[in-house]
Amino acid sequence: MPVRCVGRRLSIVALTLSLLNGCAPSSGPPSSDEVESTAETVVVTLALRGGAVEALSLRPGSGPLAQPPTRGAILRWELVDTDGQVIAEGKVEDPRALRSEGAVDGEDHEDDAARGDVGVLTLHLPNEPGYIRLLEPVGGELVELGQAPMPRLEGTRESALIDASRDLVGQPTVIQASQSSSAIDLLIVAEGYTEGELAKFRQDAAALTTRLMAQDGYAKHKAKIRVHRQDVRSTQSGVADPVLKRDPVTAFELSFGNDGARPRRCVMFEPSVGASALAAIRARREAVGAEAVVILANHDEYGGCASPATGVVTVTRHAESAGILAHELGHTLFKLSDEYDGNRCDYYEDGPNVSSDLDHLPWASMLTTSTLPTPLSASSQTVGAFLGANHCTTGAYRPSKTCKMRDLGSPFCAVCKAQIDRYFSLASSGSTGAITLRNQTNGDVFVRCPDQEGPSCSGWTLVGSGAEATLRTTSPGFGVIVDTTTIDDPGVDLEQKLITPKTSSATLYANESDPLRP
């Protein structure tokens, strides 16, 4: 559904850690005087906890012209002004959607879909007072999840609506240094450690870092990974357990799953988590420039989970937790896709290690066999196209029989290792830049950088028919994502299609199998 703007065209974008929505002011950008006095638009960060919605912070922002694609579970949102009128609405990826990756001791390693009760999302809205309403599609109806008051942001400085300082102990500490100016930054945060146990947390964080750096794919690049530690004091020790009826009071109120909405091993926030704690971690993550936040839970049982929309991974102190972390960072850092079978074929997009198109495999240059699809009887060293990936049993292919993106106990396959090497090579060389795309599909298209949106990585950008756009990209060799699913009359039907131009400029054609060819 198109974004609706009432009275005037308003800038709207949903951007956390994931996807956007929007339309822009029809009067053009504000003058420098207007920017200095009050922002035209604001970026609001919301905490969704059970039936409560709470605004964490406001800051100035701007957005694209139309509603970009979303994928997977979504929420609807509405901005209601002080007269009770809906002045903007759109949709955003549901931040409560979780990944619970794998198991140990020979159990099934297939990914479990899970959903938590807590999430953090960010919306880019007009700077108008009123309230935000979040709604969830349920059985064809929209059910309200909660509301949050929206004050008008005066001036252009960020306004913290929650006091985050009380939830942290000191500043982040570097526990693994890197001399690289382009190092990856990770932030490990304590959960379920009392003040008297923070020394233990420091030891556990160091041990987790050591185990991660020993993981296949990470050991080679250890010198380019910087790890920070943040002490957080919990009132009581441990993690909540619905089976044992344990519910300690902790900083982030993490709990094992109940094997209902999420499996037991999926350790994630409960609704009782304080909004100030969520705001505190967001602030610390931004302060150190961390690509991911790792919440280390004070419990020995195997467990962990990830929130793709928020870039948060949870793990326990179990010795195998480094495997979960290595897999999840494969998504976050290296843009690797899951290679699991399953029945949720629309859950994730293709990636450098997964493809739905046998004729245009991203790893075609690395193939060691011409038999496509490749039978499971092939050698374990074969690079081919094995059926079953991206949570699909059919129609999706992976390059190897097994890989850490399929089985947490396995090393990364050759294709994933090549992608990891490419990432660090590009980062080390400072190879950031731009790709210019010209649209010759006879319809509008959306394009974006495949990395996390930021100053050096463009988010969803609408390119009109016959027009061109230049995308900022942290890694030009990773290509761009193209989508037309929210376009009313697209010139070509493309859904989250990864394309890799061979030069810094390219033309898009109405060719669904290969948009780079006429």
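Below, each value reflects all heavy atoms present in this structure, side chains not excepted, and no hydrogens, waters or symmetry copies. If you read the sequence from its start, that first residue is 1, and numbering goes on from there.
Between Leu46 and Val44 the shortest side-chain heavy-atom distance falls below 4.5 Å. Counting heavy atoms from C-beta on, the side chains of Met405 and Arg398 never come closer than 4.5 Å. The side-chain heavy atoms of Gln381 and Thr368, taken from C-beta on, include no pair separated by under 4.5 Å. A heavy-atom distance below 4.5 Å is not found between the side chains of Ile295 and Ile281. Within the 4.5 Å cutoff, no side-chain heavy atoms of Leu437 are placed close to those of Thr461. In this structure, the side chains of Met366 and Leu361 stay at 4.5 Å or more apart for every pair of heavy atoms. Side-chain contact between Val492 and Asn511: absent, with no pair of heavy atoms (C-beta onward) separated by less than 4.5 Å.
For the residue pair Thr436/Thr470, the side-chain donor-acceptor check at 3.5 Å is satisfied. Checked by atom type, the side-chain pair Ser355/Asp357 shows no donor-acceptor distance below 3.5 Å. Using modelled atom types, one finds a donor on one side chain and an acceptor on the other under 3.5 Å when comparing Ser410 with Thr402.
For Phe334 and Phe424, the distance between ring centers is under 6.0 angstrom. Close placement of the Tyr340 and His327 rings is indicated, their centers lying within 6.0 Å of each other.
Checked against Val315 for a side chain to side chain contact (heavy atoms under 4.5 Å, CB included), the options Leu212, Ile188, Leu208 give a single hit: Leu208.
Remark: Leu254 CG to Asp241 CG distance equals 12.5 Å, nearest 0.5 Å.
In this structure, Arg96 pairs ionically with Glu136, as a charged nitrogen and a carboxylate oxygen lie closer than 4.0 Å.
A distance-only check finds a donor-acceptor pair linking the side chain of Arg285 to the backbone of Ala290 [under 3.5 Å].
With sequence neighbours excluded, the residues satisfying salt bridge (charged side-chain N to carboxylate O under 4.0 Å, His left out) with Lys417 are Asp216.
Cysteines Cys305 and Cys266 have SG atoms closer than 2.5 angstrom.
Below 30°, between 30° and 60°, or above 60°: for Tyr218 and Phe412 the angle between ring planes is between 30° and 60°, a tilted geometry.
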